[in-house]
Visitor: 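The structure follows.
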2 protein chains.
Amino acid sequence: MSHFAKMSEAASVALHAALLMAKKPRELHTARSIAEGLTVSEATLAKVLQRLARAGIVDSTRGPKGGFVLAKNPADVTLLSVYEAIEGTLTPTRCLLSRPVCGGECLLSALLSDVDVQARNFLAGKNLADVAAALPVGGSIEDIEKAG
Amino acid sequence: MSHFAKMSEAASVALHAALLMAKKPRELHTARSIAEGLTVSEATLAKVLQRLARAGIVDSTRGPKGGFVLAKNPADVTLLSVYEAIEGTLTPTRCLLSRPVCGGECLLSALLSDVDVQARNFLAGKNLADVAAALPVGGSIEDIEKAG
DNA sequence: GTTATTTCGGTATTAAAATACCACAATATT
DNA sequence: AATATTGTGGTATTTTAATACCGAAATAAC
């Protein structure tokens, strides 16, 4: 069993964390509460949130009552921006193996670049508000956990 | 700079090696000659060819004048069969992180499974004869190397 | 039947990624 | 001011995959 679509654990966690914060856009979420909401390790999530903060996607405040908030309106945050904050710019793959056999254009470049373009369009075309609205259950973290 | 399309080096080497053999379907190719033709390490290629042999895609003969040949007609070997001989069955990804936030269907499952389906269709729809015919330069390894 | 060539398959080494840990800085509360 | 809470960022550990290595088996050539 193998998969063709690849996304690092970190990128996936980032997208899910952003979605969780988008449900309550004005509230501060601690790393711990997000980690519990996603059932991921706090250590891993901390790194992810750090990078989102540096990319300007979330704002962070330290100390008691501190935490993370989305820096912008959820409708203004595309999934692509979250993804690229973690993974770097998503560019089409040319070829994994630029070798003589292919004679110029690699036999796989069509597939690889098409897949990357499709993924980019998907991620660029959806923002956090879209996704949050599409979820079966409404507002609170409690509701979400019940539904999970 | 990141990529969404993922294929292991081994799978890529397998596809390129199969293509190289498809150019001369009746001849024996040693692991060394294929490795040189692809400019990959012989050690890595050896493992790949072994798995292709076990999957019945190539036949192997040991000893002097030994080597590897395609077991079937190039037109009867899909890229998917070569890919899956290395990576295992290509199945759509559901979600990397089955977490409560998504409430049932993961926010990424549409993207991930679409990408996998697209890749599967692409690979299943092309065989070695198709690809070899599409190459700019004709028959021999020498021609291929000149073109590379 | 001896030697050279080539694949086979297990093991070991290396590289890379994920994950966890810890001391530090900042800030709200008292 | 002291203390508790929370993010920061560097480092270390663990895990996993990729890659390389090496002895063994098979077979053709002489």
Side-chain angles (χ1 to χ4, degrees), chain A residues 1-4 6-18 20-21 27-71 85-88 96-97, chain B residues 1-4 6-18 20-21 27-71 85-88 96-97:
Chain A
M1 191 189 75
S2 67
H3 302 301
F4 204 85
K6 178 201 67 174
M7 186 181 294
S8 73
E9 175 86 359
S12 175
V13 167
L15 287 164
H16 284 85
L20 198 57
M21 287 186 275
E27 294 182 16
L28 278 169
H29 304 267
T30 65
R32 174 168 304 166
S33 71
I34 297 174
E36 285 170 359
L38 300 180
T39 328
V40 299
S41 96
E42 200 174 330
T44 298
L45 181 70
K47 293 296 183 194
V48 167
L49 289 170
Q50 251 180 41
R51 280 191 273 181
L52 292 182
R54 266 179 251 169
I57 293 180
V58 302
D59 288 331
S60 65
T61 48
R62 297 204 260 197
K65 307 289 179 185
F68 299 88
V69 215
L70 283 179
I86 304 296
E87 299 277 46
L96 302 166
L97 188 75
Chain B
M1 192 190 73
S2 67
H3 302 300
F4 205 85
K6 178 201 66 171
M7 185 180 294
S8 72
E9 175 86 1
S12 175
V13 167
L15 287 164
H16 284 85
L20 198 58
M21 287 187 274
E27 295 182 16
L28 278 168
H29 304 267
T30 65
R32 174 168 303 167
S33 71
I34 297 174
E36 286 171 358
L38 299 179
T39 328
V40 298
S41 97
E42 202 174 329
T44 298
L45 181 69
K47 292 296 184 197
V48 167
L49 290 171
Q50 248 179 45
R51 280 191 272 180
L52 292 182
R54 264 180 252 169
I57 292 180
V58 302
D59 288 331
S60 64
T61 49
R62 296 205 263 199
K65 305 289 178 186
F68 298 89
V69 215
L70 284 179
I86 304 298
E87 300 276 45
L96 302 165
L97 187 75

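These numbers come from a predicted model, not from an experiment. By convention in this document, chain letters (A, B, ...) are assigned in the order of the sequence lines, proteins followed by strands, and residues within each chain are numbered from 1.
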Visitor: Using every non-hydrogen atom in the two residues, find where A:Ala71 and A:Gly56 come nearest and quote the distance to one decimal.
Guide: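 That would be CB-O, 3.3 Å.
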Visitor: Who are the side-chain contact (heavy atoms from CB on, under 4.5 Å) partners of A:Ser2, not counting sequence neighbours?
Guide: B:Tyr83, B:Glu87, B:Leu90
Visitor: Can you give me the first and the last nucleotide of DNA chain C (5' to 3') that has an atom within less than 4.0 angstrom of a non-hydrogen atom in chain B?
Guide: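 Boundary nucleotides touching chain B, in 5' to 3' order, are C:dA4 to C:dG10.
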Visitor: Nearest heavy-atom pair of A:Leu52 and A:Ile86: which atoms, and what distance?
Guide: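 Shortest heavy-atom contact: CD2-CD1, 4.1 Å.
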Visitor: Starting from C1' on D:dT8, measure out to CG on A:Leu45 and report it in whole angstrom.
Guide: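 Result: 14 Å.
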Visitor: Before you tell me yes or no, could you show the steps for A:Glu36 and A:Thr30 under side chain to side chain contact (heavy atoms under 4.5 Å, CB included), namely the whole-Å CA-CA distance, both residues' side-chain angles and the distance that decides it to 0.1 Å?
Guide: CA-CA 10 Å; A:Glu36 285 170 359; A:Thr30 65; over 6 Å; no
Visitor: Under 3.5 Å, side-chain donor or acceptor atoms of residues 57-66 of chain B against the rest of the protein: list the pairs with distances, not counting sequence neighbours.
Guide:
| unit_1 | atom_1 | unit_2 | atom_2 | d |
| --- | --- | --- | --- | --- |
| B:Thr61 | OG1 | B:Gly67 | N | 3.4 |

Visitor: Does anything in residues 40-58 of chain B pair up under salt bridge (Lys or Arg N to Asp or Glu O under 4.0 Å), and if so which pairs, sequence neighbours excluded?
Guide: B:Arg32-B:Glu42
Visitor: Mind checking if A:Arg54 touches a base, just sugar-phosphate, or nothing, with heavy atoms under 4.0 Å?
Guide: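 The residue A:Arg54 makes sugar-phosphate contact but no base contact.
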Visitor: Scan nucleotides 17-29 of chain D nucleotide by nucleotide, 5' to 3', and note B when protein non-hydrogen atoms come under 4.0 Å of the base, S if they reach only the sugar-phosphate, - if neither.
Guide: -SSB----BBBB-
Visitor: Evaluate the side-chain proximity of A:Phe4 to B:Lys6: yes if any heavy-atom separation is below 4.5 Å, no if none is.
Guide: no
Visitor: Take the protein atom CE of A:Met21 and the nucleotide atom P of D:dG7, then report the distance between them rounded to whole Å.
Guide: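 Rounded to whole Å, this separation is 11 Å.
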Visitor: Between A:Ile34 and A:Met21, is there a side-chain heavy-atom distance shorter than 4.5 Å?
Guide: yes
Visitor: For A:Leu49 and D:dG9, what is the distance between atoms CG and P respectively, to the nearest whole Å?
Guide: 13 Å
